[in-house]
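Step one of this worksheet: look at the structure below.
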Amino acid sequence: MEKFDRLDGPAAPLAMANIDTDQIIPKQFLKTVEREGLGKGLFYDFRFDMEGVLKPEFVLNQPAYKGVKMLVAGDNFGCGSSREHAPWALMDFGIRCVISTSFADIFYNNCFSNGLLPVVLKLDQVQALMAEAKGGNHVFSVALEAQTVVSPSGQSFHFDIDPGRKEKMLKGLDAIGETLEHASAIDRFEEKRRLTRAWAAA
Amino acid sequence: MPGRTLYDKIWDAHVVAEAPNDETVLYVDLHLIHEVTTPQAFAGLRAAGRPVRRPDLTLAVADHNTPTEGQALGVEAVADPEARLQLQTLARNVADAGIAFFPMGDIANGIVHIVGPEQGRTQPGMTVVCGDSHTSTHGAFGALAHGIGTSEVEHVLATQTLRQRKAKNMRVTFIGQPIPGVGAKDFALALIGEIGTGGGTGSVIEYAGPAIDALSMEGRMTLCNLSIEGGAKAGLIAADDKTFAYIMGKPGAPKGAAWDMAVEYWRSFTSDPDARFDREITIDVSKLAPTLTWGTSPEDVMAVTGLVPDPQSFGTEDKRAGAARALDYMGLTAGQPIIEAAIQRVFIGSCTNSRIEDLRQAALIARKALDRGLKVAPGVRAMIVPGSGLVKEEAEAEGLDKLFIEAGFEWREPGCSMCLGMNPDRLAPGERCATTSNRKFEGRQGRGGRTHLMSPAMAAAAAIAGHIADVREYL
Ligand code: SF4
């Protein structure tokens, strides 16, 4: 997994609540057996019309947001299906951080498995950042070690993050490797399970 | 020590180790897999040289991509090359790992959340995971069941555990007796309407109360299935005699002396009387009319007797804008009676409502329509997609297929089908569909498609009427 330390770059405003995973990456792009290349399907129905022509009014299609690295989005971002294609598509498009007041659980977990940082801030803070993301200068800066988001005008907001998740993000650690350090505990659990719940041991 | 909830008890029984920073390594009893969310997980294992730890606790089906006709021709005949590759990749991955697999066309194949219970693999007190958010279905058996992402699928394949943080406890008590035509789907829609799509975020919901005790296992699965649409991590219902009766004799069920031991163990998974819940809600189902959704979110619910809401009636600017956008997308006008909305498509299927009882409910409406000389309305295409090969077989043994066909419905082969529209079954832009599935985001069933969620009986009534209809007039 890619490390996340700090991120500087354009942030795009998506002032909608409940942006779901079907919108982030529609199902016709789920047929891949790869993780890469999903950026082309990101927000497909927002970016393209029925004929596949780019919709100039959509924020990510505007030249000002070229090279976008972050999103500032409405409440309950990432609700819907468990598809990890959603964070893969965001990452493939170059987006490494999403700022919102809340995230759906599975999407939130999936972000941390992929080095995409979901930042939860209070409503007035997200609104302040949304306003700046809509403005002429929208280059934000996110520092994971310090747990801050700094806006172009210099407003700085602190965000909370679970220390374990933070450390894994900073170091780009693999959760499986870490869990396998508990291999003997898993062995013991399975032995007990075999003795007490023989019928469930398959 | 205060009492523990059902969720607390399942959690405690699966703790392998406490990891730093509030994370717990939790054991997984059953891992269900399918073709869409696993190829990258198996590729990851191969790249790291890691084996599948417990192929025996893993069960695979092909369901999301599969066509609902011509399955006997086999995977090689699947027209879409990308879907075919995913199906072939799954077959290869499970063969390499020694994982039990019901391939497309197998009588036991079907939608992953139909197959687990049907095979008796889903049992009370278990932890069940799958790379599909509607894994919450299995909570109907008193199992802790939830969806996971592909990285977590890889983690479970490699370790048979998940790293988890404890969620909050929420309880929804359903009281009262529903009027005819109202059932589990209406309970679920009413709840989501009340708490909103984010209302359950961070919580595991336990459903309880006399109206839950009275539900069949099929109804309980429908209700738990929809927990995720309310944002909950999982939904669960304590096992009772109905649960045990459902499991008994299924291929994966314990046999002989093991059965008695198992039932005794399963009975211990109930919330203590003094257990504490972080949030409690009560819903009186006797007050519910047949319910459906009008907008693009499962929380946009209304009674079938109601008028399409006015966006101006919503409390916040966000909500007003959202409702206006939803009405525009759905092609509806504020103040219009919802039963006036003409439909072109009907979809009865998905892991929410494609079990035998669901099909029987739809069949009852079809039978009554035929008695009155009615059939599926002209210009309406109505599809019935059974949840599994076994459901299909059972329905055919009861003659339901013939009845449906006579009444003008299409009788299809099992799979997820139009629930997510990955296979060829999907809506054309602007088409309005009465559907029994679970999700209705814009474009979910086909770009520009207009989805109304409702019960199987309501969907069947809509097929006959040619517009949204009150099922009570067709009972
Ligand atoms: S029927 Fe729909 S919700 Fe259920 S498993 Fe299939 S795609 Fe997922």
Side-chain angles (χ1 to χ4, degrees), chain A residues 1 15-18 20-23 26-28 30-35 45 50 74-76 79-85 87-88 102-107 109-110 113-114 162-167 174-180 182-183 185-186 188-190 193 196-202, chain B residues 16-17 19-23 25 27 29 36-37 39-40 43 48 50 56-57 65 80 82-83 85-86 89 123 126 131-133 147-152 154-155 158-161 163 197-198 201-202 231 233 254 258-259 261-262 265 297 318 322 420-422 429 439 441-444 447-448:
Chain A
M1 192 179 83
M16 274 186 282
N18 303 319
D20 60 74
T21 52
D22 282 79
Q23 289 170 325
K27 70 239 160 201
Q28 65 268 33
L30 308 188
K31 295 184 181 177
T32 175
V33 293
E34 316 281 338
R35 282 175 203 248
D45 292 355
M50 294 281 184
D75 206 31
N76 198 26
C79 59
S81 85
S82 63
R83 62 188 68 161
E84 200 157 320
H85 308 71
W88 295 338
S102 71
F103 293 89
D105 287 336
I106 301 177
F107 176 83
N109 286 333
N110 285 342
S113 308
N114 290 282
D162 173 273
R165 289 188 147 146
K166 175 177 172 181
E167 191 187 310
D174 167 351
I176 298 179
E178 238 182 336
T179 298
L180 286 174
H182 297 282
I186 303 175
R188 279 196 304 279
F189 186 93
E190 285 184 334
R193 185 179 179 278
T196 56
R197 287 200 283 151
W199 67 87
Chain B
V16 171
N21 307 310
D22 288 344
E23 273 192 331
V25 179
Y27 198 77
D29 289 315
V36 174
T37 54
Q40 294 88 350
R50 289 172 176 145
D56 57 327
L57 302 184
N65 259 326
D80 177 345
E82 288 177 297
L85 177 62
Q86 270 193 342
T89 305
Q123 296 171 11
M126 276 188 166
D132 180 281
S133 60
I148 54 177
T150 299
S151 295
E152 291 173 309
E154 185 180 336
H155 190 282
T159 69
Q160 202 57 33
T161 70
R163 300 172 83 93
T197 49
T201 303
K233 168 121 188 153
W259 171 260
M261 278 168 61
Y265 176 78
S297 161
D318 248 25
L420 85 170
M422 267 185 93
R439 202 158 263 174
F441 300 130
E442 282 185 23
R444 165 88 176 176
R447 194 168 178 182

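So you know, we letter chains A, B, ... as the sequences are listed, proteins then strands, and number each from 1.
Only the side chain of B:Thr89 comes within less than 4.5 Å of a heavy atom of chain A; its backbone N, CA, C and O stay farther away. Using a 4.5 Å cut-off between heavy atoms, B:Val25 contacts chain A through its side chain alone, with no backbone atom that close. For B:Gln123, the part lying under 4.5 angstrom from a heavy atom of chain A is the side chain only. In this structure, the portion of B:Asn65 lying under 4.5 Å from any heavy atom of chain A is its side chain and not its backbone. At a 4.5 Å heavy-atom cutoff, B:Ala43 makes no contact with chain A through either its backbone or its side chain. Only the side chain of A:Glu190 comes within contact range of chain B, with heavy atoms under 4.5 Å apart. For A:Phe103, the part lying near chain B is the backbone, with the side chain staying farther off; criterion is any non-hydrogen pair under 4.5 Å. Only the side chain of B:Glu23 comes within contact range of chain A, with heavy atoms under 4.5 Å apart.
Interface summary for chain B: among A:His182, A:Arg83, A:His85, the most heavy-atom pairs under 4.5 angstrom belong to A:His182. Among the candidates B:Ala17, B:Ala83, B:Gly202, B:Ala262, the residue making the largest number of heavy-atom pairs closer than 4.5 Å to chain A is B:Ala262. Between chain B and the options A:Asn114, A:Thr179, A:Asp75, A:Asn109, the largest number of non-hydrogen pairs under 4.5 Å is found for A:Thr179. Chain B forms the most heavy-atom pairs under 4.5 Å with one residue out of A:Glu167, A:Arg165, A:Gln28, and that residue is A:Arg165. The candidate from B:Met126, B:Glu154, B:Arg447 with the greatest count of non-hydrogen atom pairs under 4.5 Å with chain A is B:Arg447. Note: B:Ser133 leads B:Ala258, B:Ser133, B:Gly322 in heavy-atom pairs under 4.5 Å with chain A. Chosen from B:Ile148, B:Thr37, B:Leu85, the residue pairing most often with chain A at heavy-atom distances under 4.5 Å is B:Ile148. For chain A, the option among B:Asp22, B:Asp132, B:Asp318 with the highest count of heavy-atom pairs below 4.5 Å is B:Asp132. The greatest number of non-hydrogen atom pairs below 4.5 Å with chain A, out of B:Ala158, B:Ala19, B:Pro39, B:Gly131, is found for B:Pro39. Interface check for chain B: of the options A:Gly74, A:Pro26, A:Ala175, the most heavy-atom pairs under 4.5 Å are formed by A:Ala175. Taking A:Ile106, A:Thr196, A:Ile186, A:Asn76 one by one and counting their heavy-atom pairs under 4.5 Å with chain B, the maximum is reached by A:Ile186.
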Exercise for the section: Apply side-chain contact (heavy atoms from CB on, under 4.5 Å) to B:Thr161 and B:His155, showing your working. Expected result: CA-CA 7 Å; B:Thr161 70; B:His155 190 282; 3.5 Å; yes

Practice task
Please test A:Arg35 against B:Thr150 for side-chain hydrogen bond (donor to acceptor under 3.5 Å, both in side chains), starting from the C-alpha separation and ending with a verdict.
Solution key: CA-CA 10 Å; A:Arg35 282 175 203 248; B:Thr150 299; over 6 Å; no

Practice task
Go through A:Glu84 and B:Ser151 one step at a time and tell me if the side-chain hydrogen bond (donor to acceptor under 3.5 Å, both in side chains) criterion holds.
Solution key: CA-CA 8 Å; A:Glu84 200 157 320; B:Ser151 295; 2.3 Å; yes

Practice task
Determine, stepwise, if the pair A:Arg193 / B:Asp29 fulfils side-chain contact (heavy atoms from CB on, under 4.5 Å).
Solution key: CA-CA 10 Å; A:Arg193 185 179 179 278; B:Asp29 289 315; 2.9 Å; yes

Practice task
Apply side-chain contact (heavy atoms from CB on, under 4.5 Å) to the pair B:Ser297 and B:Thr197, showing each step before the final yes or no.
Solution key: CA-CA 8 Å; B:Ser297 161; B:Thr197 49; 3.3 Å; yes

Handout entry: Step-by-step side-chain contact (heavy atoms from CB on, under 4.5 Å) determination, B:Arg50 to B:Thr159
Key = CA-CA 10 Å; B:Arg50 289 172 176 145; B:Thr159 69; over 6 Å; no

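No side-chain heavy atom of A:Trp88 sits under 4.5 Å from any side-chain heavy atom of A:Thr32. For the pair B:Gln86 and B:Val36, the minimum side-chain heavy-atom distance is below 4.5 Å.
Residues B:Pro254 and B:Trp259 come closest through the heavy atom pair O-CE3, 3.4 Å.
In terms of the salt bridge (Lys or Arg N to Asp or Glu O under 4.0 Å) criterion, A:Arg188 has no residue partners (sequence neighbours excluded).
The pair B:Arg163-A:Asp162 does not count as a salt bridge, with every side-chain nitrogen at least 4.0 angstrom from each carboxylate oxygen. Using a cutoff of 4.0 Å between basic side-chain nitrogens and carboxylate oxygens, A:Asp20 and B:Arg439 are not scored as salt-bridged.
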